[in-house]
Amino acid sequence: MSETPMNTLQYRFDGPEDAPVLILGPSLGTTWHMWDRQIPELSKNWRIFRFDLPGHGGAPAYPAGSVTELAGRLLATLDGLGVQRFGYAGCAFSGAIGIELALRHPERIASLAVIAASPRFGSADEFRQRGVIVRSNGLDPIARSSPERWFTTGFAAAQPAITEWAVQMVRTTDPGCYIAACEALAAFDVRSELGRIGVPTLVLVGSDDQVTGPAEARTLVAGIPDARLAVVPGASHLVPVEQPAAVTDLLIRHFSTAWQPAYDSTTGQMAIPAAPVKPVLAAPPQVGPVAEIAPPVVQPAVLGRPDPYDAGIKVRREVLGDAHVDRALASADEFSGDFQDFITRYAWGEIWDRPGLDRRSRSCVTLTALVAGGHLDELAFHTRAALRNGLTPDEIKEVLLQAAVYCGVPAANSAFKVAQQVIREETTPQE
């Protein structure tokens, strides 16, 4: 067990101290105990390192807003323990951490297994909406619906103790850390980078997984050059819990046979064995001459201010959601297209992207201005945006009460009706 500084993670070790290190990472909403039934066999040959995500399993509640940040905290933890090279198996959220490590720090990973994972988890809107639900209702609605996402119906009915364990595990997670993890998954998208993963990889998925199922697993296998697929029958999302023996056997076989040698510290190079032949699932990337050194690229001088469109479309999507922005852009034609371009550049790229106010504050200002102007259509989707930006329903109520004093009661009366409907829609858990 460990004491946990802010930039590291809570962890524990099992197994012989002189064995190679194998990391087991948990899913969002779970703790390291999801791997308990793998430990007796895996710890015979490896020193097992398990960690908890922030705010999970009693770990300190230091939220991390990106997968990159969590990968950094994991490496900082390992650096402090003197662990430089390791095998890594991660389920769902921790699968994303493993992919991030393989892309940014390949020299640290000897072999990789990603379980119930995807290069992009659903949509950004879906995870930001989940954050709104948790901020408004706490974690209880998410906790109660977890068994149906994590387990097959038959397993949940036959194993009531495990089902209740799953509910309590989510219920006792820190809500702020859970919301931050949802934001991290909303931003995670490595579909275009999979071809750069050079670590031998096992992609493991339950046949009945409705969250990140076989289709997502095949996307990973098609994109990662040295990847193999294993589909576990009769299992859903939390496959290590539902089918522990099958998962244990697959991990032992993978990590026993696909352990990439370390870099030679004297040459900076690494001996890479020839990859086994497998069907071509995607066109291979073009590879240039190995020893050729390209001349430096001279970037053209940028005159004037940079175009704010790219920053604007990014902020616009983060605040209003992909679905809203996609509808707005799709409906633009020759007449309205210039206006969409204008607001993306100047409203979102120039003003919303300024560092002087945080997004919560900008939402408060925007709601008040829309009440004053009587712009009820805009008020509706900016109420949704305010929830995404971290305002609670009670805080939105206070903004509208303040607006009633300075903008007039009739305007606030109309605004309350619009905001009330939006808040009901956005904060009601889906059954």
Side-chain angles (χ1 to χ4, degrees), residues 14 24-43 48 50-53 56-57 89-96 98 113-118 121-122 126-127 130 133-134 139-173 178 181-182 185 202-221 228-255 429-431:
D14 295 279
L24 302 180
S27 173
L28 174 61
T30 73
T31 72
W32 62 42
H33 289 295
M34 67 162 283
W35 292 104
D36 280 352
R37 296 171 76 182
Q38 278 74 39
I39 298 304
E41 288 300 318
L42 293 181
S43 62
I48 304 301
R50 287 185 283 173
F51 65 90
D52 277 328
L53 297 170
H56 291 59
C91 184
F93 191 104
S94 287
V114 290
I115 301 163
S118 175
F121 290 75
E126 173 188 343
F127 281 101
R130 192 185 296 186
I133 296 292
V134 173
L139 273 166
D140 188 64
I142 303 294
R144 285 186 282 107
S145 63
S146 290
E148 65 190 55
R149 293 195 308 273
W150 286 355
F151 306 126
T152 59
T153 303
F155 180 86
Q159 299 287 345
I162 293 178
T163 301
E164 180 59 23
W165 162 79
V167 170
Q168 293 303 323
M169 197 162 40
V170 179
R171 190 173 278 152
T172 56
T173 298
Y178 191 97
C182 288
L185 286 176
L202 172 68
V203 178
L204 194 156
V205 66
S207 62
D208 300 327
D209 189 343
Q210 301 301 309
V211 182
T212 48
E216 286 83 357
R218 291 188 178 96
T219 299
L220 287 169
V221 172
R228 300 292 177 271
L229 175 64
V231 180
V232 178
S236 187
H237 191 57
L238 220 59
V239 57
V241 175
E242 191 161 4
Q243 294 289 347
V247 171
T248 301
D249 180 63
L250 288 166
L251 293 181
I252 289 174
R253 286 159 55 190
H254 174 67
F255 288 110
Q430 299 298 314
E431 296 298 335

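Residue indices begin at 1 and follow the sequence shown. Keep in mind it's a predicted model, so treat the numbers as computed, not measured.
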- Task: Take Ile142 and Thr173 through the side-chain contact (heavy atoms from CB on, under 4.5 Å) test and state the conclusion after the steps.
- Result: CA-CA 11 Å; Ile142 303 294; Thr173 298; over 6 Å; no
- Under the side-chain contact (heavy atoms from CB on, under 4.5 Å) rule, what do Val239 and Asp209 come out as? Steps first, then yes or no, please. CA-CA 8 Å; Val239 57; Asp209 189 343; over 6 Å; no
- Derivation and outcome, side-chain contact (heavy atoms from CB on, under 4.5 Å), residues Leu238 and Phe151: CA-CA 6 Å; Leu238 220 59; Phe151 306 126; 3.9 Å; yes
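The two residues Thr31 and Asp52 have their closest heavy-atom pair at CA-OD1, 3.2 Å. Taking each heavy atom of Val232 and Ala246 in turn, the nearest pair found is CG1-CB, 4.1 Å. Heavy atoms only, all atoms of each residue included: Glu216 and Thr212 are closest at OE1-C, 3.6 Å. Minimum heavy-atom separation, Arg171 to Gln168: NH1-NE2, 2.8 Å. The minimum heavy-atom distance linking Val170 with Ser146 is given by the pair CG2-OG, 3.5 Å. Closest heavy-atom contact between Leu28 and Ala181: CD1-CB, 3.5 Å.
Here the OH-CG distance, from Tyr178 to Leu53, works out to 11.0 Å after rounding to the nearest 0.5 Å. Between atom CG of residue Leu251 and atom CD1 of residue Ile115 there is a gap of 5.0 Å, rounded to the nearest 0.5 Å. Rounding to the nearest 0.5 Å gives a distance of 11.0 Å between CD of Glu41 and CD1 of Ile48. Rounding to the nearest 0.5 Å gives a distance of 8.0 Å between OG of Ser27 and NE2 of His56. To the nearest 0.5 Å, atoms CZ (Phe121) and CG (Leu185) are separated by 6.0 Å. Met169 CE to Met34 CE: the interatomic distance, rounded to the nearest 0.5 Å, is 8.0 Å.
Residues forming a salt bridge (charged side-chain N to carboxylate O under 4.0 Å, His left out) with Asp14 (at least two apart in sequence, or on another chain): Arg12, Arg50. Shown here are the salt bridge (charged side-chain N to carboxylate O under 4.0 Å, His left out) partners of Asp249, two or more places apart in sequence or in another chain: Arg253.
Partner of Thr30 under the side chain to side chain contact (heavy atoms under 4.5 Å, CB included) criterion, out of Phe93, Trp150, Trp165: Trp150 alone.
No side-chain N or O of Glu242 forms a donor-acceptor pair with one of Ser236 less than 3.5 Å apart.
Side-chain atoms of Gln38 come within 3.5 Å of backbone atoms of Pro244 as a donor-acceptor pair (strictly under, hydrogens ignored). The closest donor-acceptor contact from the side chain of Trp35 to the backbone of Gly25 lies under 3.5 Å.
Inter-residue side-chain proximity for Thr248 and Arg37 is flagged as unmet; no heavy-atom pair is nearer than 4.5 Å. Ser145 places none of its side-chain heavy atoms less than 4.5 Å from the side chain of Pro429.
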